[in-house]
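First comes the structure, then the notes that go with it.
Within every chain, numbering begins at 1; the chains are lettered A, B, ... in the order of the sequence lines, protein sequences first and strands thereafter. Any value given below was found using the heavy atoms of this structure, including those in side chains, with hydrogens, waters and symmetry copies removed.
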2 protein chains.
Amino acid sequence: MVRPGGRSARVQASVHAAVRELSAEVGRDALTVPMIAQRAGVTPSTVYRRWGDLQELLSDVAVEHLRPETEPADHGTLPADLSAWTEQFLEEMSSPAGRSYIRDALLGDPDGSNAGQCSAYAAEQIDLILNRAHERGEETPDTETVIDRIVAPLLYRILFRPHELDAPYAHRLVRTLLERSAP
Amino acid sequence: MVRPGGRSARVQASVHAAVRELSAEVGRDALTVPMIAQRAGVTPSTVYRRWGDLQELLSDVAVEHLRPETEPADHGTLPADLSAWTEQFLEEMSSPAGRSYIRDALLGDPDGSNAGQCSAYAAEQIDLILNRAHERGEETPDTETVIDRIVAPLLYRILFRPHELDAPYAHRLVRTLLERSAP
DNA sequence: CATCTTAAAGCCAATTCGTCGCGTCTGGCG
DNA sequence: CGCCAGACGCGACGAATTGGCTTTAAGATG
């Protein structure tokens, strides 16, 4: 496995950095392993040995992009928090960049651990929002329900029907979830 | 473009057939473009020109596999029809073969048209079930709602959380959808 | 029905990519 | 401090991909 410090860590960091730089410069579709290796100052065989192929490498990098960098803002009520989070989630995920990160994360992932990580990120954020609401004394649905009713439909549309997706639709999901689960 | 008949169509058919045969013989992961081309009796450059790369070809073939071959059975009531269809859908899609078809369909699909096709297949089947129920005089949710409440959660779990998925969960989705939308 | 047009396929050479074996180096551990 | 397992660099080989040019045949036209 990857040793925690030293050379291995440096190689990993510089390869990831090379992927980010090059995908900004020449576009994600033009990336090749030799190109990335050269930019990272590493030989191609190192990349092949560590990651197997380009897709697994891109999957690793994509997961890092998909990690939320801040915790969800507190707007004082569950509907407000959930709406705001949903809106931000939609914005990040449905952009062309977001879609390709999701696809990369899913596709170069034989054992499903990267995809599971993405799902865990969303679940954490939702947990936070629901716990906050619970402490305020609000009635809340549980995390799984929020995932089924909001996250899953959004991602389904992002992946399978990119054209039928907008902010009003996302708000409708939040509204119908909350009006029935806590009437 | 692909000409409707004649040589182009023959090439397309024989390449698709070669993919199916070879993926059964040597396994999907061992497929290569030259190998497929040879089996299909064409030159590799033809495959590269028509499909771009192996992933796009596999994506095309995967969509054909995902096309439902029969229309949903009629069990006399909406809950029965929807339960049966959901069960079958889950079984087909969550099997290892189903999962890899879905992934292939998504993967080699820059413009999202193949993924859109898959979604359209499911929507057609659901439409059929709902229309039948409507003609019987049953109250029915609309197609989009069924997609959001059943198809999307199932696919989300198939793709992102393959371990937390079973038939009882699927039935729960159907039950909670129907008990609230048509009480 | 003969001819023309043109998309698509064939063919072959040049290039690039992916894999493998072996020697070297480095970080962690006794 | 010195061993050693794991990770990297190097180089070479085979396979895959790309590009330019020629040939074929589907479909249109008169």
Side-chain angles (χ1 to χ4, degrees), chain A residues 1-23 25-62 64 104 107-111 113, chain B residues 1-23 25-62 64 103-104 107-111 113-114:
Chain A
M1 281 300 91
V2 179
R3 296 189 181 184
R7 185 167 64 162
S8 287
R10 277 198 305 277
V11 167
Q12 154 135 348
S14 83
V15 169
H16 278 212
V19 170
R20 282 191 293 272
E21 292 170 22
L22 286 170
S23 69
E25 289 173 25
V26 305
R28 186 202 154 288
D29 293 340
L31 293 180
T32 67
V33 171
M35 177 188 288
I36 293 165
Q38 184 181 359
R39 172 67 64 102
V42 165
T43 60
S45 47
T46 295
V47 175
Y48 289 117
R49 268 196 284 262
R50 281 269 297 258
W51 284 277
D53 62 13
L54 180 60
Q55 286 178 4
E56 289 185 44
L57 171 57
L58 291 180
S59 180
D60 271 9
V61 176
E64 292 191 349
D104 286 344
L107 297 167
D109 190 18
D111 60 349
S113 58
Chain B
M1 289 293 97
V2 178
R3 295 189 180 184
R7 185 167 64 161
S8 287
R10 278 198 306 277
V11 167
Q12 152 136 348
S14 82
V15 169
H16 278 212
V19 170
R20 281 191 294 272
E21 292 170 22
L22 286 170
S23 70
E25 289 172 25
V26 306
R28 186 201 155 289
D29 293 339
L31 294 179
T32 67
V33 170
M35 176 188 291
I36 292 165
Q38 184 181 0
R39 172 67 64 101
V42 291
T43 59
S45 45
T46 295
V47 176
Y48 288 117
R49 268 196 288 263
R50 281 269 299 258
W51 283 278
D53 61 15
L54 181 60
Q55 288 177 358
E56 288 185 45
L57 171 56
L58 292 180
S59 179
D60 273 9
V61 176
E64 293 190 351
R103 289 167 49 127
D104 284 344
L107 174 55
D109 190 20
D111 59 351
S113 59
N114 283 347

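Atom P of nucleotide D/dT18 and atom CG of B/Asp53 are separated by 8 Å, given to the nearest angstrom. A/Gln38 has its CD atom 10 Å from the P atom of C/dC17, to the nearest Å. Spacing between atom CG of A/Leu54 and atom P of D/dA16 amounts to 18 Å, rounded to whole angstrom units. Whole-Å rounding puts the B/Leu31 CG to D/dA15 P distance at 17 Å.
Among the heavy atoms of the strands lying under 4.0 Å from A/Ser45 is at least one base atom, whether or not backbone atoms are also near.
Position along DNA chain C of the nearest nucleotide to A/Met35 versus B/Val11 favours B/Val11 as the more 5'-ward residue.
A donor-acceptor pair under 3.5 Å is absent between the side-chain atoms of B/Ser59 and the main chain of B/Leu107, judged by distance alone. B/Asn114 places no side-chain N or O within 3.5 Å of a backbone atom of B/Asp109 that could act as its donor or acceptor partner. Counting only distance, with no hydrogens or angles, the side chain of B/Arg20 and the backbone of B/Val61 share no donor-acceptor pair below 3.5 Å.
The A/Arg49 side chain lies nearest to C/dG21 when the options are D/dA26, C/dG27, C/dG21. Taking only side-chain atoms of A/Thr43, from C-beta outward, the nucleotide of C/dA9, D/dG9, D/dA16 with the closest atom is D/dG9.
For B/Arg7 and D/dT24, the shortest distance from a side-chain N or O to OP1 or OP2 is not below 4.0 Å. At least one side-chain nitrogen or oxygen of B/Thr46 sits closer than 4.0 Å to the OP1 or OP2 atom of C/dG10.
No side-chain heavy atom of A/Gln12 sits less than 4.5 Å from a side-chain heavy atom of A/Asp60.
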